Protein chains: 2
Amino acid sequence: MSTEIHRSGDRDRLEALLWRAAPVSGRTGARPALGIDPIVVAAVRLADAEGLAALSMRRVAGELGVGAMTLYGHVPGRGELLALMLDAVLGELHPDERSVTSGNWRARLDAVARANRTFLLRHPWAAQVTADRPPMGPNALRKYELELRAVDGLGLSEPQMDHLVTLVDGFIRGSVGRGQAPPAGALAGFPTAARVVAATTSVREDPERSFEFGLERLLDGIGMLIVNPGR
Amino acid sequence: MSTEIHRSGDRDRLEALLWRAAPVSGRTGARPALGIDPIVVAAVRLADAEGLAALSMRRVAGELGVGAMTLYGHVPGRGELLALMLDAVLGELHPDERSVTSGNWRARLDAVARANRTFLLRHPWAAQVTADRPPMGPNALRKYELELRAVDGLGLSEPQMDHLVTLVDGFIRGSVGRGQAPPAGALAGFPTAARVVAATTSVREDPERSFEFGLERLLDGIGMLIVNPGR
DNA sequence: GCGGCTTCCGTACGCTGTACGGTCGCAGGC
DNA sequence: GCCTGCGACCGTACAGCGTACGGAAGCCGC
């Protein structure tokens, strides 16, 4: 089901599709009744609603009222479609550029973190696709650019800026979808865990609170760097 | 390929398998030539070597010199096998309990973070399995217990302790497998990204350095909490 | 009108997880 | 020692997957 990119020519084709490069355009033959964008939109809708496991080429084609193999005339394969879907939804991030470039650094990074979190909560499949490290498209690059601007002008070196953006993104990816309650019966022999579980289940430990806690700690630590950038 | 747990009875069966509960044991009939442990060991070896996508029931059975359907006499299905594999490899973590319970808090959390990182680098598939939130087995619970002890006795509340462990684990999960170089050609219109890419490609931005940077910031931020636990 | 290119897609192949039911070997009762 | 029955093993089969291949059909330039 993963279906990575294998053939090297498909990589170039994916790059061209990501940037919506116009085809060679020796205009002749039947003109297409379908384009990349409707395919990607339908696929994103399906993945949002039912998850990546339900996203089969046949299902996507069915949603479009088209034969399964028709998709392969527009997209090299499933792996490339996933990469296109990822870049498409990444375009939703930071719709207002000023929210991540105005205010002090802490407000900016706070906005970056929250935007990425709601993004991953809306499109949980995006995390799985990112894990395959698809090539960056225009929207991924735009996101990288904007998040770098959020940490620009603070007296940090360029590698520090990159690390900081990577750090915040990584924290978000790690923070979504965490925490399952252990079976309260089997806590014998785990005294500290038993104590913590007993104390937290009464307080309704929710991932939201855990995220807020982690973000606070992270921004505090980043603040110590910004005050003294000498590593 | 994901193959989650569907039937509710399988959940109970998985729980029993995780804790290696002895079967009902009305001893009669042929005694098994195969057990859960060899299956899990073979599956882990296969996943380590070729990734989760190559882990099919038929492949695992083949490695054991056994028919494919034989596995279903020991394990309810693929999803449950993944959960068993995860708990099995989690047993590798913190082999020396003192490494995460001795020294000052920073050394302890440093040890926790590095152990989890090398663990995820050795078993990249574990991150994917964790994303499905399988039930915690004995080794997952042991890991939770030990990591809680690393932040015990610091004057923190129990929810704070839980959040801290979740934060470090999440940071690790987010930090492994990050960073792909953008196609250097298409950086027009992204001045900050262009500047950073130009500065970092010459320094060979490696994920190792990014991890060290993030861990330092994270521990700094946690230190501020420990100095003043009043939230 | 026609030749050729392009798009659409039916069929097919090898793979997947797993439901079903048959076969067989071992253990307990007599 | 034999019979009975249970449990382990697993061959077959089915639905569904990604996608290679090649035919059918539509549209363009001439």
Side-chain angles (χ1 to χ4, degrees), chain A residues 1-7 9-10 13-14 17 22-36 38-39 43 46-47 50-85 132, chain B residues 1-7 9-10 13-14 17 22-39 42-43 46-47 50-85 132:
Chain A
M1 189 69 117
S2 44
T3 323
E4 208 51 38
I5 293 127
H6 337 81
R7 299 178 305 299
D10 290 349
R13 183 138 162 62
L14 171 57
L17 285 169
V24 277
S25 188
R27 293 297 316 114
T28 178
R31 55 151 176 236
L34 199 60
I36 318 157
I39 295 176
L46 186 55
E50 306 188 33
L52 267 200
L55 188 115
S56 72
M57 300 298 273
R58 282 175 238 256
R59 277 291 303 273
V60 174
E63 303 281 345
L64 294 165
V66 113
M69 292 311 293
T70 300
L71 300 185
Y72 289 88
H74 298 87
V75 151
R78 197 180 113 106
E80 291 81 0
L81 176 57
L82 293 179
L84 289 166
M85 291 164 59
D132 286 342
Chain B
M1 189 69 119
S2 44
T3 326
E4 207 53 34
I5 292 127
H6 336 83
R7 300 179 303 298
D10 290 350
R13 184 138 162 60
L14 171 57
L17 285 169
V24 277
S25 188
R27 296 296 316 112
T28 179
R31 59 161 171 224
L34 198 61
I36 318 156
D37 291 330
I39 294 176
L46 186 55
E50 307 188 32
L52 266 199
L55 188 115
S56 72
M57 300 300 270
R58 281 175 239 257
R59 275 294 300 274
V60 174
E63 303 279 345
L64 294 165
V66 113
M69 291 313 292
T70 299
L71 300 185
Y72 288 88
H74 298 87
V75 152
R78 196 181 115 106
E80 290 81 0
L81 177 56
L82 294 179
L84 290 166
M85 290 165 59
D132 287 342

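Keep in mind that this is a model prediction, so the values were computed, not measured. A, B, ... follow the sequence lines: proteins, then strands. Residue 1 opens every chain.
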Between [atom1] of [X] and [atom2] of [Y], what distance do you get to the nearest 0.5 Å?
X: B/Arg58; Y: B/Met69; atom1: CZ; atom2: CE; value: 9.0 Å
X: B/Ile36; Y: B/Leu71; atom1: CD1; atom2: CG; value: 12.0 Å
X: B/Leu64; Y: B/Thr70; atom1: CG; atom2: OG1; value: 9.5 Å

Identify the pairs formed between an N or O of the protein and an N or O of nucleotides 23-26 of chain D at a distance under 3.5 Å, and give each distance.
residue	atom	partner	partner atom	Å
D/dG26	N2	A/Ala30	N	3.1

*Does any N or O in the side chain of B/Glu80 come within less than 3.5 Å of the main-chain N or O of B/Gly77, such that one atom is a donor and the other an acceptor?*
yes
Please report the distance, rounded to the nearest Å, between [atom1] in [X] and [atom2] in [N].
X: B/Arg78; N: C/dT18; atom1: CZ; atom2: P; value: 8 Å
X: B/Ile39; N: D/dA8; atom1: CD1; atom2: P; value: 12 Å
X: B/Tyr72; N: D/dC9; atom1: OH; atom2: C1'; value: 15 Å
X: A/Leu52; N: D/dG18; atom1: CG; atom2: C1'; value: 15 Å
X: B/Met57; N: D/dG11; atom1: CE; atom2: P; value: 15 Å

Pairs: protein N or O with nucleotides 8-11 of chain C N or O, under 3.5 Å:
residue	atom	partner	partner atom	Å
C/dC8	OP1	A/Ala33	N	2.9
C/dC8	OP1	A/Leu34	N	3.4
C/dC8	OP2	A/His74	NE2	3.4
C/dC9	OP2	A/Gly67	N	3.2
C/dC9	OP2	A/Thr70	OG1	2.8

*A/Arg59 side chain: which of C/dT18, D/dG18, D/dC17 is closest?*
D/dC17
Where do [X] and [Y] come nearest, in terms of heavy atoms and distance?
X: A/Arg59; Y: A/Leu46; answer: NH2-CD1, 3.3 Å
X: B/Leu52; Y: B/Ala47; answer: CD2-CB, 4.4 Å
X: A/Leu17; Y: A/Pro76; answer: CD1-CD, 3.7 Å

*May I ask you to test the A/Ile39-A/Leu84 pair for a side-chain heavy-atom distance under 4.5 Å?*
no
